[in-house]
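Comments concern the structure below.
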Amino acid sequence: MNYWLMKSEPDAFGIEDLKSRPEQTEPWDGVRNYQARNFMRDAMKVGDGVFFYHSNCKVPGIVGIAEVASKPYPDPTQFDPDSKYYDPKSDPDDPRWILVDVKFKRDLDRVLSLAEIKEHADALGDFALVRKGNRLSIMPLTEQQWNYLLELETS
DNA sequence: GCCAACGTTGGC
DNA sequence: GCCAACGTTGGC
């Protein structure tokens with residue numbers, strides 16, 4: 001089992017939106033970064049743990065827990081000319097952008113803000129979120145990092 | 001294949 | 001709203 005952190009802007013799609021979806025599940029569309037895509041395409045497995053992270057908002061941080069709910073499949077928005085994620089260069093016979101479905105599990109008891117997480121940078125070791133200038137929207141965590149953050153939640 | 005210009009992310 | 005970081009694009 002692998003562990004992930006996935007960012008979303010709550011103004012566009014927050015954890016409340018995920019919770020209100022049918023089956024509390026949503027295709028994680030719109031990822032247009034190769035590194036993030038590769039994580040979904042090559043490494044994610046159904047049942048993997050996901051920290052749901054709110055970015056670009058008043059208090060950025062981890063707000064809940066979700067899980068990977070599908071195998072990887074082509075992101076349909078890349079072929080939709082009306083979508084803001086439309087990519088005319090993507091070949092339907094060899095889709096460029098891949099996604100997985102994400103399913104809500106639970107809210108955190110409290111938000112683990114980025115500021116608080118940064119205070120634990122030493123304990124978290126080499127965690128992409130606390131590295132300067134990181135813009136990756138999907139990143140892996142080790143089991144140790146995952147458990148450390150869960151313990152932080154109840155501390 | 002280099003790299004300047006440009007666009008985007010996302011914290012602050 | 002600013003701007004640092006950094007990915008992408010396109011001219012050469």
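Order of the sequence lines fixes the chain letters, A, B, ..., with proteins taken first and strands second; residue numbering starts at 1 for each chain.
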Q | Selection: residues 107-124 of chain A, any non-hydrogen atom under 4.0 Å of DNA chain B | A |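 A:L114, A:K118, in order of number.
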Q.
Could you check, using the six-membered ring where one of them is a Trp, whether A:W4 and A:F52 have ring centers closer than 6.0 angstrom?
A.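 Between A:F52 and A:W4, which both carry aromatic rings, the centre distance is not below 6.0 Å.
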Protein-nucleotide distance ([X], atom [atom1]; [N], atom [atom2]), rounded to Å:
{"X": "A:K84", "N": "B:dG7", "atom1": "NZ", "atom2": "P", "value": "17 Å"}
{"X": "A:L129", "N": "B:dT9", "atom1": "CG", "atom2": "P", "value": "17 Å"}
{"X": "A:E9", "N": "B:dG10", "atom1": "CD", "atom2": "C1'", "value": "7 Å"}
{"X": "A:D11", "N": "B:dG10", "atom1": "CG", "atom2": "P", "value": "13 Å"}
{"X": "A:Y34", "N": "B:dT8", "atom1": "OH", "atom2": "P", "value": "15 Å"}
{"X": "A:M139", "N": "C:dC6", "atom1": "CE", "atom2": "P", "value": "12 Å"}
{"X": "A:R96", "N": "C:dT9", "atom1": "CZ", "atom2": "C1'", "value": "12 Å"}
{"X": "A:R135", "N": "C:dC6", "atom1": "CZ", "atom2": "P", "value": "8 Å"}

**Q.** salt bridge (charged side-chain N to carboxylate O under 4.0 Å, His left out) evaluation trace for A:D87 with A:R96
**A.** CA-CA 9 Å; A:D87 183 353; A:R96 181 178 294 188; 3.4 Å; yes
Q. Closest to the A:K132 side chain: C:dA5, B:dG10, B:dG11?
A.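 So the nucleotide nearest the side chain must be C:dA5.
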Q: Tell me whether the OP1 or OP2 atom of B:dT9 has a side-chain N or O from A:K7 closer than 4.0 Å.
A: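 The answer is no; no side-chain N or O of A:K7 sits under 4.0 Å from OP1 or OP2.
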Q: Examine B:dT8: is either OP1 or OP2 under 4.0 Å from a nitrogen or oxygen in the side chain of A:Y85? Give yes or no.
A: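 Checking A:Y85 against B:dT8: no side-chain N or O falls below 4.0 Å of OP1 or OP2.
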Q.
I need the full list of salt bridge (Lys or Arg N to Asp or Glu O under 4.0 Å) pairs touching residues 1-10 of chain A, with sequence neighbours left out, sorted by first then second residue.
A.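 Checked against salt bridge (Lys or Arg N to Asp or Glu O under 4.0 Å) - neighbours excluded - no pair reaches residues 1-10 of chain A.
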(Q) I want to confirm an ordering. Mapping A:N134 and A:K89 to their closest nucleotides on DNA chain C, which one lands closer to the 5' end? (A)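 The residue whose closest nucleotide sits nearer the 5' end is A:N134.
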Q | Whichever of A:Q35 and A:N56 has its nearest DNA chain C nucleotide further upstream toward 5' | A |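 It is A:N56, whose closest nucleotide lies nearer the 5' terminus.
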(Q) Tell me whether A:L152 shares a hydrophobic cluster with A:V50, the cluster being built from Ile, Leu, Val, Met, Phe, Trp, Tyr side chains joined at under 4.5 Å. (A)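 Same cluster: A:L152 reaches A:V50 through Ile, Leu, Val, Met, Phe, Trp or Tyr contacts under 4.5 Å.
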Q: Please confirm whether the backbone N or O of A:L149 pairs with a side-chain atom of A:H120, one donor and one acceptor, at under 3.5 Å?
A: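 Here the side-chain-to-backbone pair does not exist.
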Q) So do the side chains of A:F79 and A:Y85 get within less than 4.5 Å of each other, counting heavy atoms only? A)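 No, side chains not in contact.
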(Q) Under a plain distance cut-off of 3.5 Å, with no hydrogens placed, do A:D101 and A:Y73 share a side-chain donor-acceptor pair? (A)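 Result is yes, a qualifying pair exists.
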